[in-house]
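Okay, structure first, notes after.
Naming convention: chains lettered A, B, ... in sequence-line order (proteins, then strands); numbering from 1 in each chain.
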2 protein chains.
Amino acid sequence: MGGILSTILDVEKESGVSKSTISRFLHGNSVTDENRVKIEQAIKKLHYKMNPIASGLKSSKTFTVGAVIPDITDSFFPPIIKEFERCMSENGYNVILSDYGNDADREIKQLEMLSDKKVDGLVVATSNTKGDHIRACLNENLPVILLDRLFPDLDCDSITVDNFSATYEAVCECIKLGHTNIGAVYGHFYTDGERIRGLQKAMKDNGLKPDPDKMLKLQLMEEAPEESIAKLLDMKDAPTLLFCSNVYLGIGALKVRLQRNLNIPNDISVLVFDDIATFPNHDYISYIKPEFSNITQPLTEIGKYAAELLLERVKNPHRKYEAVNIELKTRFKLTGSVAKLIKT
Amino acid sequence: MGGILSTILDVEKESGVSKSTISRFLHGNSVTDENRVKIEQAIKKLHYKMNPIASGLKSSKTFTVGAVIPDITDSFFPPIIKEFERCMSENGYNVILSDYGNDADREIKQLEMLSDKKVDGLVVATSNTKGDHIRACLNENLPVILLDRLFPDLDCDSITVDNFSATYEAVCECIKLGHTNIGAVYGHFYTDGERIRGLQKAMKDNGLKPDPDKMLKLQLMEEAPEESIAKLLDMKDAPTLLFCSNVYLGIGALKVRLQRNLNIPNDISVLVFDDIATFPNHDYISYIKPEFSNITQPLTEIGKYAAELLLERVKNPHRKYEAVNIELKTRFKLTGSVAKLIKT
DNA sequence: CTGTTAGCGCTTTCAG
DNA sequence: CTGAAAGCGCTAACAG
C-alpha cells in the first residue's frame, strides 16, 4: 500500500481497453457494457485514480476556484465562505482562500497570482475602488463574481443586497413612529453609500431635511466610531434616532451604550444595518436587551448564489454571457430599540 | 491583450537559449550573465509566465496545501486560518479551505479528495477519534500537521497548547483565593479532557477532592450548556467557582448570567478556558463587566507555527523526519470574576 | 463506440 | 553551465 500509484496506462494494459476509451469513460461518456466492466475491474484492482494535474494540463481546467476576501476574521465572511465552499465542493470544485488583509494592492497581487495559477473562476470581495484588476481577469476569460460591490463601467457578475431600498423602508418605518431628527454614522464603502442614500431619500420623501451635521462619514479601520457617536449624542439638538450603516458602527453604538450605560430607546433609538451577532457562538448578544433594530443580510444565501452563478460560468467556459447582478433581500427587524414617539 | 499566452518554447526561440536552461533559471539555478539577460528580456517581451500545471505534472508539486477544519464560523478558526494562509502565500503556497461541517465522515472524504488532488501538504483540525485517515496521508508521503489534537499511536506533527498545565496553574490560583468547592462543565473533545485533568490534579495537589457530581460532561452540539450550568448553580451545596472548559461553555455561562442577572463573582466565580471575544468585531464583550477570568489561546501563533512546520515539511519532501509536537503557551488572565474568599 | 497518434508545457536525466 | 532528448499522465482530434 502507498507508494506506487498506477496510471491510465496501467489500466489500459490491465483491461485491454485503450486509454482514450478509458478517459472517455472516466468523463462520463458512454462505452459498451463489456468495456465498462473491464475498465471498472482494472481500476478497482489497481486502485487507479486519475491524476488531476495531468488532466488539467491538456484540458486547462483545475476544478479549483479562488475566494478573495479582505478579512476572514470579519464575522461577515465566514458564513458566506462556508456555504460557498460547501456548494463548490459538492460539485467537485475546491476553493483557495485568499485573505488580502484589507490591503487593496495585495488584493490585486492575489488576483493575478490566482489567475496565473489557472483557477477556473473567482469570487471576490474587493476593496479597490477601480475594477481594472477584475477586468484583467475577465479579459483572460476567467469568470469573476463580485461580492457586495458594483462597478458602473465593468460588466461583471455580482451578488449584492438591497442596500438602498431596505434602508429606505426601514427608515420610513422609524419616521412613522415619529422620528424626525435623525442622525447617522456611515463608512466609506460602496454599501455605506447606498444605505445612506436610502436614508436620505426616505427623509426627503417624508418631508424631512437631512441635516449634514448629523450625517457623519468615517474612515473605517482608522477612526473609532465611538467618538462620532458620542458627538451626535452630545449635541444640544441631539437626534432621537441613530442609524449605523454597518456592523462596525453598530458595535461602536453598543460600546457607547455599555460605557455610558445608556437607556435605549429612552436616551436614543438605534437602527443598525447588519446583524451584530452573525456568529453562531455570539448569539449571547441577544440577551442584552433590547437588541438593536437591524437589517440583516442573508449571508449564507450570498455564498450559495455566488457558488451557483460561478458554477454556471465555469461549466460553460466558452459561452458568451451577459453579466448579471443578483440582488438579495435583507430582513428588517424592528425591536424595542426604536421608540414610538407618537401614538399610532 | 489577453488570449494568447506564451510558453517556454516561445522564450526559447526569442532568446536563443534552450528551454532547459530557461527552466533552470526560473528555478533559481545559476546561468551565465549573458544568458540571464537574454532570458529576462525575452520573458519581459513575451509576458511569459510559467504554467504551474505543466510544471507540476513532472515535478508533482502543486504549491497548494489544504486546511481542513470543522467549522469556519466557529470563531476559533478564522484567526488561525488567516495567519496560516498569510504565511503560506508569502512562501508561494496557496491554501485550499475545506470546511467539513463537523461531520467526521465528511472530514475523511475531504482528506482523501485533497490527497487525490495532489496537494503538497495538509493542516487538519480533526473531529475523528481515530487517526487512520491521517495515517493514510502520511503513508502516501503527504505531510500533515494536526491542530489541537494528539493521537497516541500516530507519529504525526502537531500544534497544541498547554491545556493541562495551564488549567492546573489557573485552578491553583483560584484555590489560593479560597475556592475549595469547584464545579465544572466540559466537553467531549481531547482538549476538554486535558483541561479537566489539569483541574483535578490541581485540586488533588491542594488536598481537595473533586466531586464527580459537580463535574458535568456534555456532548457539545447536542446539549445546551445552560441547563448543566443552571443545575450546578441550583445545588444546595453549590460550587463557589465554575470552570468552563471551552468557549461554548463560557458563552453558556454568559447567557445564564444575563438571563438570571447574576452577580459575578458574588453569586458564583467563573473561570473559562478560551477567550469569548476572539473576533475583532466582538470586543464589545469587554464592556460587560467583569470579564470572565480566562485562559487565552494564541490563535494567530497557532496558524503561524502550523505554517512554518508545514513549510519545512513540504520543502524537504524526501527527508525522513521525526514528528514533532509544538506546544504553545496560553495566557492566564485573572479578573474580578473570581472572588477572593480569603485575605491573602 | 473505439484505437491511433500527437501533443499540453515543463522538467530532468544525460552527455558534453 | 548548457542543450538534446525523453518523458510526466492525460486529452483530443482523427479515421475507422
Is B/R86 salt-bridged to A/D99, going by a charged N under 4.0 Å from an acidic O? no
When we call it a touch if two heavy atoms are under 4.0 Å apart, what does B/N35 touch: a base, just sugar-phosphate, or nothing? sugar-phosphate
Flag for A/K117-B/N94: side-chain donor and acceptor within less than 3.5 Å: yes
B/N51 has an atom CG; how far is it from atom P of C/dG7, in whole Å? 18 Å
What integer distance in Å separates B/E12:CD from D/dA5:P? 12 Å
Between C/dT11, D/dG9, C/dC1, which nucleotide has the shortest distance from any of its atoms to the side chain of A/A54? D/dG9
So does B/S55 get a side-chain nitrogen or oxygen closer than 4.0 Å to the phosphate oxygens (OP1/OP2) of C/dG9? no
Figure out the CZ/C1' separation between A/F25 and D/dT11, and round it to whole Å. 17 Å
Among D/dT11, C/dC1, C/dC10, the one nearest any side-chain atom of A/S59 is D/dT11
Please confirm whether the shortest side-chain N or O distance from A/S18 to OP1 or OP2 of C/dG3 is below 4.0 Å. yes
Nearest whole Å is fine: how far is D/dG7 P from A/L9 CG? 12 Å
From the set C/dG3, C/dT2, C/dA6, return the single nucleotide nearest to any side-chain atom of A/K19. C/dA6
Separation of atom CG in B/L57 from atom P in D/dC10, rounded to whole Å: 9 Å
From C-beta outward on B/S23, which listed nucleotide comes closest to its side chain: C/dC1, D/dG3, C/dT12? C/dT12
Sugar-phosphate, base or nothing in reach of B/S60, heavy atoms under 4.0 Å: nothing
With a 4.0 Å cut-off on N to O distance, would you call A/E40 and A/K44 a salt bridge? no
Which nucleotide sits closest to the side chain of B/V31: D/dT2, C/dT11, C/dT2? D/dT2
Separation of D/dG9 atom P from B/D116 atom CG, nearest Å, is 15 Å
Rounded to whole angstrom units, what separation is found between the NE2 atom of A/H27 and the C1' atom of D/dA13? 15 Å
I want to check something: taking the side chain as every heavy atom from C-beta on, are B/D10 and B/E14 in contact at a cut-off of under 4.5 Å? no
Are any of A/T21's side-chain N or O atoms less than 4.0 Å away from OP1 or OP2 of C/dG3? yes
With a 4.0 Å cut-off on heavy atoms, is B/Y48 in touch with a base, just the backbone sugar-phosphate, or nothing at all? sugar-phosphate
B/I53 CD1 to D/dC8 C1', in whole Å, measures 14 Å
Count the heavy atoms belonging to other residues, nucleotides or ligands that lie under 6.0 Å from OH of A/Y93, then report whether that count exceeds 12. yes
Report yes or no: is there a donor-acceptor pair, N or O only, under 3.5 Å between the side chain of B/S20 and the base of D/dA4? yes
Choose from D/dG3, C/dC10, C/dG7 the nucleotide whose nearest atom is closest to any side-chain atom of A/K58. C/dG7
Measuring from atom OG of B/S127 to atom CZ of B/R149, what distance do you get when rounded to the nearest 0.5 angstrom? 6.5 Å
